Amino acid sequence: MSGRTTALTPPDDAGPPVRHPDAPAPGEIIGSHYEYCFGCGPAVPHGLHLETRAGEGVRVTAEFRVKEAHQGAPGLAHGGVLATALDETLGGLGWLLRVIAVTGRLETDFVRPVPVDTVLYLDAEVLAVHGRKIYCTATGRIGGPEGAVAVRADAMFVEVKIDHFIENGRPAEIKAALADPDQVKVARAFEVNP
């Protein structure tokens, strides 16, 4: 991670990531954690609708098609939308570790423009874990999974308890999510792997 800020460099005593034995199998779709999530939820008309798959080790992949609603400059994806796609993909890594984690820091490099109607192939992996901090990286490519790098990010996620969402989320949504009779949906809404 040369050229990265110190906050995104794992300390020397950080440990390697360990895939949880009950993590989704490689190739398995992780799916949306909350129907109204802008990154992965199906109920957001102009959302990214990312579909994340578990990979080998502590790695996930996803695909995102840039739509007209995702434009910044005419005909090109908005940089914030691309950062969101990277962040959402990185967030899927918690399912492989079986922890609830939120973004603590995200540093994004925009390497080349991403036109509307382009499919962005995303790949993310955990590099190290230190206490509650999870250090990870992601790449978005155009033209295929081995195509040209368009965006990349390094991130540090922080493991949290479910109380983080309950205490900080808008009460109406928290109450509705907790009241759902489908306990798997309740667990997924708070990114807890059931």
Side-chain angles (χ1 to χ4, degrees), residues 22-25 27-55 59-73 75-104 106 108 114-124 134 136 138 140-142 145 150-151 153 155 157-194:
D22 295 327
E28 186 177 327
I29 294 173
I30 293 173
S32 172
H33 69 275
Y34 178 55
E35 64 183 310
Y36 295 106
C37 173
F38 180 77
C40 66
V44 182
H46 296 302
L48 306 187
H49 303 139
L50 258 120
E51 187 174 86
T52 304
R53 289 185 182 274
R59 178 178 230 119
V60 297
T61 60
E63 293 181 13
F64 161 54
R65 179 173 297 280
V66 179
K67 300 175 187 161
E68 278 188 37
H70 303 140
Q71 292 180 82
L76 297 174
H78 188 287
V81 169
L82 297 175
T84 300
L86 289 163
D87 184 53
E88 184 68 30
T89 305
L90 288 158
L93 293 166
W95 290 85
L96 303 183
L97 299 172
R98 287 195 58 140
V99 299
I100 306 169
V102 295
T103 311
L106 177 72
T108 307
V114 179
V116 170
D117 291 327
T118 297
V119 174
L120 190 63
Y121 296 87
L122 299 146
D123 181 53
I134 303 163
C136 41
R141 297 174 180 271
I142 55 177
V151 292
F157 278 65
V158 179
E159 185 177 349
V160 297
K161 302 293 180 205
I162 197 167
D163 294 349
H164 168 84
F165 302 99
I166 294 169
E167 293 168 4
N168 296 293
R170 197 162 67 169
E173 281 85 355
I174 297 297
K175 184 177 179 182
L178 289 171
D180 193 310
D182 183 342
Q183 289 301 297
V184 172
K185 275 182 76 178
V186 171
R188 289 189 69 84
F190 298 101
E191 298 189 5
V192 180
N193 203 352

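Predicted, not measured: the structure shown is a model, and the values here were computed from it.
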Exercise. Is it true that a side-chain atom of E88 and a backbone atom of A85 form a donor plus acceptor pair closer than 3.5 Å?
Worked result: no
Seminar exercise, completed: Correct closest heavy-atom pair for C37 and V44 would be O-CG2, 3.6 Å
For this session: Can you measure from CG (L122) to CG (D87) and round to the nearest 0.5 angstrom?
Result: 11.5 Å
Exercise. Any idea which heavy atoms bring A54 and L96 closest together, and the distance?
Worked result: CB-CD2, 3.8 Å
Exercise. If you round to the nearest 0.5 Å, how far is CD1 of I100 from CD of E159?
Worked result: 8.0 Å
Exercise. Mind checking what makes ring-ring contact (aromatic ring centres under 6.0 Å, His included) contact with F64, not counting sequence neighbours?
Worked result: H70
Seminar exercise, completed: OG1 of T52 to CD of E63, rounded to nearest 0.5 Å, is 10.5 Å
For this session: Please name the pair of heavy atoms, one in L106 and one in A155, separated by the smallest distance, quoted to 0.1 Å.
Result: CD1-CB, 3.9 Å
Problem set entry | With A138 via side chain to side chain contact (heavy atoms under 4.5 Å, CB included) - residues at least two apart | L86, L90, A124
Problem set entry | Residue pair T89 / V60: nearest heavy atoms and the distance that separates them | O-CG2, 3.4 Å
Seminar exercise, completed: Sorted by chain and number, sequence neighbours left out, side chain to side chain contact (heavy atoms under 4.5 Å, CB included) with A25 holds for E28
Problem set entry | L93 vs F157, side-chain contact (heavy atoms from CB on, under 4.5 Å): CA-CA, chis, key distance, verdict | CA-CA 10 Å; L93 293 166; F157 278 65; over 6 Å; no
Problem set entry | Nearest-0.5 Å distance, CZ of residue R65 to CG of residue L48 | 13.5 Å
Exercise. Looking only at heavy atoms, what is the nearest atom pair of V66 and P115, with distance?
Worked result: CB-O, 3.8 Å
For this session: Evaluate the criterion side-chain contact (heavy atoms from CB on, under 4.5 Å) for residue pair L120 and I142; output intermediate values, then yes/no.
Result: CA-CA 5 Å; L120 190 63; I142 55 177; 3.9 Å; yes
Exercise. What residues, two or more places apart in sequence or in another chain, satisfy side chain to side chain contact (heavy atoms under 4.5 Å, CB included) together with V158?
Worked result: R132, M156
Exercise. With sequence neighbours excluded, what pairs up with H49 under the side-chain hydrogen bond (donor to acceptor under 3.5 Å, both in side chains) test?
Worked result: K67
For this session: For E68 and V116, work out which heavy atoms get closest and say how close.
Result: N-CG1, 3.9 Å
For this session: Go through the structure and list residues passing side chain to side chain contact (heavy atoms under 4.5 Å, CB included) with P145, not counting sequence neighbours.
Result: Y121
